[in-house]
Amino acid sequence: MKVNVFFSPANVDELFFSGKTTVVIDVLRATTVITTALHNGAREVIPVNTVDFAMKVSGSAFGGQTILGGERNTKMIEGFNIGNSPLEYNAETVAGKSIILYTTNGSKAVVKAKFSENLFVCCFNNLSAIVKHLFNLDKDFLILCAGNSGAFSLEDTICAGRLVNDMLEINSSIEISDSAKAAVALNKTFGKNILKMLKESEHGQLLIQNGFADDLTYCANVDSIDIIPYYSTGVIKKMIVQ
Ligand code: MLT
């Protein structure tokens, strides 16, 4: 098995993902939101890469079963129902609903990887569920960090490094790329205290300034959720593992 890590989606195009197994990570906060929403009973999450498309999809939906969620500059978008704090995606709000999600980096990263043969969504909260599933799947895979507007983001890389590290602990013969080795090394340095790392990261600082400090505590909660969000034909659903 070979494992690769992309620190951001900037240097790959959509077709690159054809036939690949991909894991998208956006710890702060899109993939944590997706995992939380599905865990709390959302029917599905529909990731979109523009606000216009989000509006269009919600316009064509019917029956009041749709929620528009997401953020611009970390804040709720005008005309949307909820923002991008995982704390908003509780069972009362999301159970049985289809959530159309637009975010600055995370939803776009998922959409970019849409041609993958297998496409999973990961964060610290469901890390072990993803590790276990990838091990059983036994296929080469790549981790796509959502990053920050095309640039590197520490928290996504640390989560990727921990995923690779945990895979290596189960199977030390996995072949890992240079970028995967770098992610593992960074996890050794910064991953001992996840909450501290999130608080000190650039995006973590911005979220604290904007009043979302509690989100960091939630996003640092390793293995609190045992589900595998899986993308297929435009929607992300909770995977039923046999
Ligand atoms: C993103 O997609 O860039 C993030 O989820 C931003 C955030 O809500 O903090």
Side-chain angles (χ1 to χ4, degrees), residues 6-12 14 22-40 42 45-55 57 67-90 93-94 99-114 119-127 143-160 194-195 197-221 225 229 231 236:
F6 284 60
F7 296 127
S8 100
N11 296 318
V12 268
E14 291 184 349
T22 307
V23 180
V24 176
I25 296 179
D26 183 9
V27 169
L28 298 177
R29 299 166 289 176
T31 58
T32 309
V33 159
I34 294 165
T35 304
T36 301
L38 294 173
H39 176 63
N40 286 336
V45 178
I46 304 168
V48 295
N49 57 7
T50 65
V51 170
D52 279 356
F53 192 57
M55 295 296 192
V57 177
I67 292 177
L68 265 174
E71 55 72 44
R72 219 187 236 136
N73 301 321
T74 79
K75 311 249 178 63
M76 192 171 96
I77 300 165
E78 209 187 308
F80 275 39
N81 306 108
I82 50 177
N84 198 40
S85 164
L87 304 177
E88 293 175 272
Y89 290 72
N90 52 43
T93 307
V94 304
I99 294 157
I100 301 157
L101 187 72
Y102 169 85
T103 72
T104 312
N105 301 285
S107 70
K108 290 179 189 164
V110 177
V111 172
K112 194 163 205 184
K114 68 184 174 194
L119 176 48
F120 305 106
V121 164
C122 179
C123 57
F124 282 113
N125 306 60
N126 71 338
L127 193 69
I143 302 172
L144 179 64
C145 297
N148 194 356
S149 302
F152 178 93
S153 96
L154 186 64
E155 65 280 5
D156 295 344
T157 307
I158 300 305
C159 189
I194 306 284
L195 182 56
M197 178 275 295
L198 293 181
K199 282 181 178 164
E200 289 172 1
S201 68
E202 288 173 9
H203 196 65
Q205 295 272 314
L206 181 66
L207 288 170
I208 292 167
Q209 276 166 29
N210 290 346
F212 296 110
D214 289 347
D215 286 9
L216 304 193
T217 308
Y218 182 88
C219 293
N221 220 343
I225 297 177
Y231 175 100
I236 306 166

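Just so you know, ligand 1 is whichever comes first in the structure, and atom 1 is the first atom listed for that ligand.
- A side-chain N or O of T104 and one of E71 form a donor-acceptor pair less than 3.5 Å apart.
- In terms of heavy-atom proximity, M55 sits nearest to L68 at SD-CD1, 3.8 Å.
- Applying the side chain to side chain contact (heavy atoms under 4.5 Å, CB included) rule to N105 yields the partners D26, A146, N148, S149; only residues at least two apart in sequence or on another chain are considered.
- Side chain to side chain, N210 and T74 meet the donor-acceptor criterion of an N or O pair below 3.5 Å.
- When the side chain to side chain contact (heavy atoms under 4.5 Å, CB included) test is applied to P86, the partners found at least two apart in sequence or on another chain are R29, T32, V33, T36, D215, Y218, C219.
- Around ligand 1 you find D26, L28, R29, A30, E71, N84, T103, T104, N105, G106, H203, L207, each with a heavy-atom distance below 4.0 Å.
- Scanning for side-chain hydrogen bond (donor to acceptor under 3.5 Å, both in side chains) contacts around S201 gives an empty result, with sequence neighbours left out.
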